[in-house]
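First up is the structure itself, then whatever we jot down about it.
For the single chain, residues carry numbers from 1 onward in sequence order. Everything quoted here is computed from the prediction, not taken from an experiment.
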Amino acid sequence: MSSKSISSVVEVVQKMEWYCSYQERCHVEVQQKLFNYPISSKDKDEVIVHLIHNNFLNEERFANLFCVSKFHQKKWGKIRIKNELKARKISDYLINKALKEISNEEYFETFDTLSEKNWESISEKNILKKRKKFCDYLLRKGWESEMVYGKMKELEK
């Protein structure tokens, strides 16, 4: 290995440490970022091992943080959170473990608040169009369809 490649690997490690400490990352995001650097795939693997070893990269921590923050900040339902984590190649075990971080009580309270606020905000006079807008919004956010349709019937009365 030449001194040029050693220094570039050290630089890449430093950049990736900063990248991971700036915001929680998953393995897929780190691999995509590493793709941009002109180092061998063996060196890229070593960078990932270094990041895991030094706790810059932790899938479980990422999944937990992602789950809780998307629920609190964006009011996503469990379906959307699960699909987004699957897209980042997080294991089902870690996804299910992360989803348990959200209490059922808080989940249903958030759903009620969000759905009632959304229902009131739709100024559509045609009840069929209002229903569609209401359901589309909540389903897009990843809330369970039986909850959405049940709430729609409740709010219509």
Side-chain angles (χ1 to χ4, degrees), residues 9 11-122 130-156:
V9 170
E11 282 174 32
V12 170
V13 166
Q14 289 172 340
K15 286 179 180 178
M16 295 310 295
E17 284 178 352
W18 186 87
Y19 180 70
C20 292
S21 59
Y22 168 73
Q23 178 184 319
E24 203 59 58
R25 307 286 179 180
C26 66
H27 288 52
V28 171
E29 291 169 330
V30 170
Q31 287 168 334
Q32 287 171 343
K33 185 80 170 169
L34 278 172
F35 183 77
N36 300 323
Y37 293 106
I39 58 174
S40 70
S41 51
K42 180 180 175 279
D43 287 340
K44 288 176 185 175
D45 290 343
E46 286 177 19
V47 170
I48 290 176
V49 168
H50 168 82
L51 294 171
I52 293 168
H53 214 81
N54 292 293
N55 212 18
F56 284 98
L57 193 56
N58 182 321
E59 294 267 82
E60 183 175 353
R61 192 174 61 212
F62 171 81
N64 289 343
L65 199 68
F66 183 92
C67 182
V68 170
S69 62
K70 294 302 181 190
F71 172 70
H72 286 125
Q73 292 167 5
K74 294 194 173 190
K75 308 285 186 249
W76 283 359
K78 290 182 179 179
I79 295 170
R80 174 86 185 259
I81 293 169
K82 191 174 198 171
N83 290 339
E84 294 286 336
L85 286 171
K86 276 185 186 286
R88 289 165 173 78
K89 295 182 173 44
I90 305 294
S91 72
D92 287 337
Y93 170 76
L94 289 179
I95 292 172
N96 292 328
K97 192 172 178 186
L99 287 172
K100 287 179 184 154
E101 296 290 313
I102 302 170
S103 74
N104 283 337
E105 184 183 323
E106 188 180 11
Y107 190 69
F108 293 118
E109 274 177 30
T110 300
F111 174 75
D112 283 339
T113 307
L114 182 68
S115 57
E116 287 163 14
K117 189 175 167 187
N118 181 256
W119 183 263
E120 297 304 318
S121 74
I122 301 171
K130 184 170 183 167
R131 279 184 193 164
K132 181 175 176 10
K133 285 181 179 182
F134 175 78
C135 292
D136 286 352
Y137 173 77
L138 291 168
L139 294 172
R140 196 171 43 251
K141 282 198 166 274
W143 294 92
E144 291 77 353
S145 56
E146 58 277 358
M147 286 171 65
V148 172
Y149 299 130
K151 191 68 176 179
M152 178 190 65
K153 288 179 178 135
E154 178 190 315
L155 289 170
E156 252 180 350

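- Y19 pairs by the ring-ring contact (aromatic ring centres under 6.0 Å, His included) definition with nothing, not counting sequence neighbours.
- Partners of F134 according to the ring-ring contact (aromatic ring centres under 6.0 Å, His included) rule, which considers only residues two or more places apart in sequence or in another chain, are W119.
- One finds the CD atom of Q32 at 7.5 Å from the SG atom of C26 (value rounded to the nearest 0.5 Å).
- Applying the salt bridge (Lys or Arg N to Asp or Glu O under 4.0 Å) rule to E116 yields the partners K151; only residues at least two apart in sequence or on another chain are considered.
- Salt-bridge formation is not detected for the pair K33/E29: no Lys NZ or Arg NE/NH1/NH2 atom is positioned less than 4.0 Å from an Asp or Glu carboxylate oxygen.
- Interatomic distance, N118 CG to K75 NZ, rounded to the nearest 0.5 Å: 13.5 Å.
- A salt bridge between K78 and E144 is absent, with no side-chain N of the basic residue lying under 4.0 Å from a carboxylate O of the acidic one.
- Shown here are the salt bridge (Lys or Arg N to Asp or Glu O under 4.0 Å) partners of E24, two or more places apart in sequence or in another chain: R61.
- Separation of atoms CD (Q31) and CD1 (I48) is listed at 4.5 Å; rounding is to 0.5 Å.
- Distance check: E105 CD to T110 OG1 gives 10.0 Å after rounding to the nearest 0.5 Å.
- Remark: the backbone N or O of F56 is not paired with any side-chain donor or acceptor of N54 at under 3.5 angstrom.
- In this view, E156 and R131 satisfy the salt bridge (Lys or Arg N to Asp or Glu O under 4.0 Å) rule, not counting sequence neighbours.
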* **CA sep, side-chain torsions, deciding dist, call: K97, E60, side chain to side chain contact (heavy atoms under 4.5 Å, CB included)** => CA-CA 8 Å; K97 192 172 178 186; E60 183 175 353; 2.6 Å; yes

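- Residues satisfying the side chain to side chain contact (heavy atoms under 4.5 Å, CB included) criterion with F108, sequence neighbours excluded, are N104, M147.
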* Working for side chain to side chain contact (heavy atoms under 4.5 Å, CB included), residues V30 and V47 -> CA-CA 10 Å; V30 170; V47 170; 5.8 Å; no

* To do: Given side chain to side chain contact (heavy atoms under 4.5 Å, CB included), test Y137 with R140 step by step and report yes or no.
  => CA-CA 5 Å; Y137 173 77; R140 196 171 43 251; 4.0 Å; yes

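- Residues I95 and I90 share a closest heavy-atom pair of CD1-O, 3.5 Å.
- In this view, S91 and Y93, L94 satisfy the side chain to side chain contact (heavy atoms under 4.5 Å, CB included) rule, not counting sequence neighbours.
- The distance from the CG atom of N58 to the CG atom of L51 is 12.0 Å, given to the nearest 0.5 Å.
- Partners of N36 by side chain to side chain contact (heavy atoms under 4.5 Å, CB included), not counting sequence neighbours: none found.
- Atoms NZ and CD1, on K141 and I81 in that order, are 10.5 Å from each other to the nearest 0.5 Å.
- The pair D92-K86 meets the salt-bridge criterion, with a side-chain N (NZ, NE, NH1 or NH2) lying under 4.0 Å from an Asp/Glu carboxylate O.
- For the residue pair S115 and L138, the shortest heavy atom distance occurs at CB-CD1, 3.7 Å.
- Residues Y37 and M16 come closest through the heavy atom pair CE1-SD, 3.9 Å.
- Side-chain contact annotation: S40 with D43, donor-acceptor N/O pair under 3.5 Å present.
- The two residues E59 and K89 come nearest to each other via the heavy atoms OE2-O, 4.1 Å.
- What you find for R88 and V28 is that their closest heavy atoms are O-CG2, 3.2 Å.
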* List the steps and the verdict of side chain to side chain contact (heavy atoms under 4.5 Å, CB included) for E84 and K82. => CA-CA 6 Å; E84 294 286 336; K82 191 174 198 171; over 6 Å; no

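- The nearest pair of heavy atoms linking A98 to N64 is CA-OD1, 3.2 Å.
- A search for salt bridge (Lys or Arg N to Asp or Glu O under 4.0 Å) contacts involving E109 returns nothing, not counting sequence neighbours.
- Scanning for side chain to side chain donor-acceptor pair (under 3.5 Å) contacts around H72 gives E106, with sequence neighbours left out.
- Contacts of Y107 classified as ring-ring contact (aromatic ring centres under 6.0 Å, His included), with partners at least two apart in sequence or in another chain: F71, W143.
- Residues meeting the side chain to side chain contact (heavy atoms under 4.5 Å, CB included) test with N83, sequence neighbours left out: I79.
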